[in-house]
Novice: 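Below: one structure in structure tokens.
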Amino acid sequence: MTSTVPLQLSAVGNAGGLGRSGIRWLRGDGEPCRAGDVVGVCNVGVRGAAGEAAFQGERDDLRIALVLARSGILRHGQRISRGGWMDQMHQQFRWQPRQVVGQLEIDSEGESDGGEAQTDSALRFYGLAGRRVNDLAEDRSGLLSGWHDRKRAWHLAEAAPAGSVVGLGICELGPVLKGPGGAFLEMLGSAPGTVHVADVSDAPLVHSARVLIEQMERTDDDRAALAQDFAGMMAACLAGDAATDCIFAGTLVKALCRAPASEGAEVLTHAGIAGIGPAQALVLSINGEGPVRYRHRTLGYTLNCYDYRFRQLGKAAMGWIKASFVPEPHTVDDARRDLLKLAQRVRRDDPGRRILVLNSVSTLLRDDTLSYDIHDAPLAQTLRGVRAREMNAMLHDVAGDSGIAVVDSDALAAEFGVGRSVPDGIHQGAELQAALRDEILRVLAAEGVSGFGRTDAEASGLRLSRKPEPYRQYPPALRELPRREGR
Amino acid sequence: MLLSLLLPNTNEGLGRARIDAIYPAVGDALEPGARLFDFTIGLDAASEFDCPPVTSYRMILREAARVHRVDAEPGQMLAAGEALGLLVSGADAALDGEPQRGARVSVAAILRSLDW
């Protein structure tokens, strides 16, 4: 026997009210859906004085996603979705608490009568926000599509989320946190408590530990001097008729002058707008600690940017970069010192803050070094595999009381098969990304980050990645291999 | 014996490799461990999507041989299996005819910095 439950909007935001667009349904009318499925999204805008002050840079890409609290067959409400611009511009309608936007047909076996069942709300909500690199970079085609320097999502609840994590890694981390849809749905769906998850883009500035430290310690005068210096690059780009290089320069200055490791944010709740402080956990990629970093010749700060981005610059822009920065080796010991200093720095005001670091996939296809004597020392500056293994060993040594925990990408890649799941050592397939996401969630819980914790009964089954065991789980076929005599 | 030297297949699907460095010259007598070529793959992908999987490798000889011919030049783009050169092993080897086998090589992924 089926009955229907209404899909009702809850109170969100402050007294000044919330505007919304029409609702874009993400699942079809009459489609069976499961609890936890995101079935719709709308753009929202905070009205009144609070709205003008809050969500700076995010107002054009502030959204609320509708999440089913129960399984059932989705029924769209009449004229709730209008399509076109009306489903994208947040000035179209008022967000009205208790407005029914649809129905859910549920299997009510055991209910004594038909019709609507008495039930709690069948809808929960996620808040989504993207901070555009520039207002021109508009793309509302997806949940969190667009060129953003920071994307984030959170459980929209009675109060601010209990826990917060920010990703500051490279392309091996961003898609893991954001999930296949790019909007953190899997992270939010799996966290047992209310959480806020953000990811900061590595384009064009790669967040090594040294870069993060300098961003946090940079003063207003430092930022002014840095921006003034970059005016030289802008002039060079324009004189060389390579206006697109100006976009690179402007984006780089903006990234250098931010401090994402110590940024707070606003969140919508059912009670109003709340502020959250810096994330309780930072997630980094050890692969962000490349073998070379670039130091400004006069201002002394560090630039960490992929070589392939430099190669795409025009002659004038690249000439300015080479004249302004000097390349310096960045050894495993340098990375170790920087990571420990970063941990000290972020925990100075909050000892409970944690740093999770994805280690490096140390196996590469067709990397069959048979003798190390023939390669130039130090090997960790010459051979990719050696650097990866030394970095992983360094991470293993520093993890623990420093507040640093390791997410063992290397072991997971080995379990799934490097050739099958991450052939270039960085860009994983979906299976490995899902496994990494689960591992990050487990480590967050094990590290005691609020909102990610589990009950004591479940905690006993957790794999603690603070001190990873190497190759702790072999695929079944390998467990059957006979041992060689004499080994 | 003539030994062929071909660009090894390092990562299927990443397109052609750019020859970055050629270490031996024609006539050089090489010992095991001698550097042969440096090459980079994934550059074809650089123009197609962000964060290309660019990887650099160094090819090392694992046996003694003399360089008979070098077929590649720096900057050239080659596909896996294309000829890099010919080596000769043995003092009285015939220099005509087809190579009898491939030269024994190893390949190491290296860290390559931008020219500054």
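All values reported here derive from a predicted model rather than from experimental measurement. Letters go in sequence order (proteins before strands), and every chain restarts at 1.
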Novice: Look at A:Pro327, A:Pro423, A:Ser371 and state which one has the largest set of heavy-atom pairs under 4.5 Å with chain B.
Specialist: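 Between A:Pro327, A:Pro423, A:Ser371, the count favours A:Pro327.
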Novice: If we define contacts as heavy-atom pairs under 4.5 Å, which of A:Asp307, A:Val292, A:Val386, A:Thr369 has the most with chain B?
Specialist: A:Asp307
Novice: What part of B:Pro8 lies closer than 4.5 angstrom to a heavy atom of chain A: side chain, backbone, both or neither?
Specialist: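 Both backbone and side chain.
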Novice: Against chain B, label A:Val326 side chain, backbone, both or neither, depending on which of its atoms sit under 4.5 Å from a heavy atom there.
Specialist: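 Interface part for A:Val326: backbone (N, CA, C, O).
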Novice: Could you look at A:Phe325 and say if it's the side chain, the backbone, both or neither that has a heavy atom under 4.5 Å from chain B?
Specialist: both
Novice: Just checking heavy atoms, which of residues 101-116 of chain B are less than 4.5 Å from chain A?
Specialist: B:Val105, B:Ser106, B:Val107, B:Ala108, B:Ala109, B:Ile110, B:Leu111, B:Arg112, B:Ser113, B:Leu114, B:Asp115, B:Trp116
Novice: To the nearest 0.5 angstrom, please state how far the CZ atom of B:Arg35 sits from the CG atom of A:Asp376.
Specialist: 4.0 Å
Novice: Go through A:Asp368, A:Asp373, A:Ile170, A:Leu383 and name the one with the most non-hydrogen pairs under 4.5 angstrom from chain B.
Specialist: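 Result: the option with the highest number of such pairs is A:Asp368.
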Novice: Is the number of heavy atoms from other residues, nucleotides or ligands within 6.0 Å of CD (A:Glu431) greater than 12?
Specialist: no
Novice: Using 0.5 Å steps for rounding, measure from the CG atom of A:Leu364 to the OG1 atom of B:Thr55.
Specialist: 6.0 Å
